[in-house]
Amino acid sequence: MPGRADEIRLLGVAARGHHGVLDFEKRDGQDFVVDVVMQVDLTAAGRTDDLARTVNYAEVAADVVDVVTGEPYDLIETVASVIADRVLARPLVEHVEVTVHKPQAPVGVPFGDVQVVVRRAKDVPVVIALGANLQGVDGADPDETVREAARRLHRVRGLRGVRVSRLFVTAPVGGEAVVGQPDYVNAVAVGRTRLAPAGLLAQLHRIEDEHGRTRQVRWGARTLDLDLVQYGDPRAGADVTSSVPELLLPHPRAHERAFVLQPWLDVDPDAALRVGEEVVAVPDLLRATADQVVRPLDVTRAADR
Ligand SMILES: Nc1ncnc2c1ncn2[C@@H]1O[C@H](COP(=O)(O)OP(=O)(O)OP(=O)(O)O)[C@@H](O)[C@H]1O
Ligand SMILES: Nc1nc2c(c(=O)[nH]1)N=C(CO)CN2
């Protein structure tokens with residue numbers, strides 16, 4: 001999010017809890033008050049007036065009460081951290097600040113309030129597929145376009161630790177729609193992001209646009225295609241699933257595409273993808289795509305010599 005981020009502030013949520021180091025705190029309980037400040041890109045919600053495009057603060061308030069009234073912890077630091085993790089697990093929240101007030105704390109002298117503040121940013125593993133099969137507007141060949149797009153991924157603010165597979169030459173997949181299309185060059189990038197899924201997709205679209213991508217024909221030949229394959233770690237049950245057409249997660253066709261699976265395995269031998277309710281190791285998915293032609297670009301070059 002460029003400039004200062006949009007925020008949702010939920011202040012003064014009050015609930016009784018049993019947190020504290022002293023025995024009587026655990027036994028008798030006391031009042032806690034919690035403030036939650038969430039950074040959320042509110043552009044889409046403001047445009048569409050749709051609750052699904054934002055974070056429902058009533059749900060966040062219910063989470064806060066759940067944690068405060070739940071398992072007793074010694075420290076309000078722990079209470080604040082547990083709340084922060086719960087809030088950050090919501091896909092649209094990019095950063096959260098949680099303040100836990102304990103106004104009746106046994107301090108031993110008159111005092112106004114004691115507060116603990118924790119700040120947490122999202123940090124989620126993501127998988128991005130790159131593909132091209134037309135010369136770019138700058139005359140670049142598809143392999144050079146994919147390399148340049150990979151370099152651009154390294155420069156996306158909010159994406160870190162980017163690692164990119166080798167490049168692969170792949171036969172077009174898509175039946176009638178791709179007949180006569182030239183071969184593709186494909187690769188996969190993995191990294192970690194603090195952006196919400198829609199924010200990351202917007203960055204991918206920006207890179208596509210910079211390479212002269214137009215989006216008239218579905219499955220048409222293209223100068224550059226960047227797909228968000230997976231957001232979050234499905235093995236930890238911490239991936240985001242989405243069925244809104246602008247962003248389907250995980251990518252609904254990735255599991256049957258050798259041009260995604262092979263490069264992904266190249267960059268991450270432990271890769272796993274959610275397919276419906278199941279989480280499947282990528283080598284197991286690859287076995288079912290043996291009819292699709294995928295060759296590392298360098299091998300292709302050596303064979304051509
Ligand atoms: N996981 C996703 N990654 C990228 N785009 C997505 C995703 N889910 C939905 N979309 C939407 O799909 C739209 C069309 O994307 P695109 O033109 O790249 O499709 P395609 O590459 O022709 O087909 P495919 O999605 O099968 O690769 C985009 O505008 C985007 O909003
Ligand atoms: N081999 C290959 N085939 C495709 C590809 C692609 O990147 N590689 N992308 C498509 C639509 O995104 C359709 N078919």
Side-chain angles (χ1 to χ4, degrees), residues 41 43-44 47-48 52-53 91 124-134 136 141-143 145-147 149-150 153 156 159 164-191 193 195-232 234 239-264 266 273-275 286 289-297 300:
D41 186 344
T43 317
R47 200 180 50 233
T48 60
R53 305 293 192 104
V124 174
V126 289
V127 181
I128 297 162
L130 304 85
N133 72 340
L134 288 183
D141 286 335
D143 61 331
T145 300
V146 171
R147 279 194 192 93
L153 286 178
V156 170
L159 191 59
V164 185
S165 70
R166 287 176 295 167
L167 271 46
F168 290 79
V169 177
T170 71
V173 171
E176 290 287 302
V178 301
V179 168
Q181 278 191 24
D183 280 352
Y184 278 78
V185 174
N186 286 107
V188 162
V190 296
T193 191
L195 300 174
L200 180 57
L201 185 66
Q203 294 296 327
L204 301 185
H205 283 168
R206 181 180 298 188
I207 297 173
E208 287 181 347
D209 294 345
E210 284 169 10
H211 286 85
R213 169 74 188 272
T214 54
R215 24 185 100 250
Q216 288 98 357
V217 186
R218 182 152 194 249
W219 290 359
R222 66 266 324 267
T223 50
L224 180 63
D225 185 29
L226 298 178
D227 287 339
L228 188 49
V229 173
Q230 186 158 265
Y231 183 98
D239 57 319
V240 169
T241 58
S242 161
S243 53
V244 296
E246 306 95 279
L247 182 51
L248 300 163
L249 286 172
H251 190 286
R253 289 166 290 281
H255 66 279
E256 57 191 26
R257 291 177 160 178
F259 67 79
V260 174
L261 301 173
Q262 186 75 64
W264 186 2
D266 190 58
L273 175 64
R274 173 173 300 286
V275 186
L286 250 184
T289 67
D291 56 323
Q292 297 175 29
V293 178
V294 173
R295 300 167 295 174
L297 180 63
T300 317

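Because the structure is predicted, anything quoted here is derived from the model rather than measured. Sequence positions, counted from 1, serve as the residue numbers for this chain. In each ligand, atom 1 is the first atom listed, and ligand 1 is the first ligand listed.
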Rounded to the nearest 0.5 Å, what separates atom CG in Asn186 from atom CG in Leu167? 8.5 Å
Against heavy atoms of Thr170, which atoms of ligand 2 measure under 4.0 Å? 1 (N), 2 (C), 8 (N)
Does an N or O anywhere in Arg257 fall below 3.5 Å from an N or O of ligand 2? no
Polar contact flag for Val173 and ligand 2 (N/O pairs, less than 3.5 Å): yes
Under 3.5 Å: donor-acceptor pair, side chain of Asp41, backbone of Thr43: yes
Which one holds for Leu248 and ligand 1: side chain close, backbone close, both close, or neither close, with close meaning a heavy atom under 4.0 Å? both
Polar side chain donor-acceptor pair, Gln230 to Asp239, under 3.5 angstrom: no
Can a donor-acceptor pair be found, under 3.5 Å and without considering hydrogens, that links the side chain of Gln262 to the backbone of Ala187? no
Hey, is the main chain of Asp266 close enough, under 3.5 Å, to the side chain of Ser165 for a donor-acceptor pair? no
Where the side chain of Thr193 meets the backbone of Val124, is there a donor-acceptor pair that is under 3.5 Å apart? no
Check: Val229 N/O within less than 3.5 Å of ligand 1 N/O: no
If we only count N/O pairs under 3.5 Å, is Glu208 in contact with ligand 1? no
Gly174 touching ligand 2 at heavy-atom level, < 4.0 angstrom: no
Walk me through whether Leu249 and Thr241 qualify under side chain to side chain contact (heavy atoms under 4.5 Å, CB included). CA-CA 5 Å; Leu249 286 172; Thr241 58; 5.5 Å; no
Heavy atoms only, cut-off 4.0 Å: how does Asn186 contact ligand 2, side chain, backbone, both, or neither? side chain
Stepwise, does the side chain to side chain contact (heavy atoms under 4.5 Å, CB included) test hold for Val294 with Leu261? CA-CA 10 Å; Val294 173; Leu261 301 173; over 6 Å; no
Any side-chain heavy atom of Pro142 sitting closer than 4.5 Å to one from Leu134? no
Heteroatom proximity flag, Asp227 to ligand 2, N/O under 3.5 Å: no
Residue selection (non-hydrogen contact nearest atom 11 (C) of ligand 1) among His205, Glu246, His251, Gln230: Glu246
Geometric N/O contact Leu228 with ligand 1, under 3.5 angstrom: yes
Using distance alone, decide if ligand 2 has a nitrogen or oxygen within less than 3.5 Å of any nitrogen or oxygen in Ala171. yes
Contact atoms of ligand 1, heavy-atom distance to Asp225 under 4.0 Å: 18 (O), 21 (O), 27 (O)
When you compare the side chain of Leu130 with that of Asp225, does any pair of heavy atoms fall below 4.5 Å? no
Give the atom numbers and elements of ligand 2 that come within less than 4.0 Å of a heavy atom of Asp225. 12 (O)
Any heavy atom of Pro245 sitting closer than 4.0 Å to ligand 1? yes
How does Arg257 reach ligand 1, by side chain, by backbone, by both or by neither, if only non-hydrogen atoms under 4.0 Å count? side chain
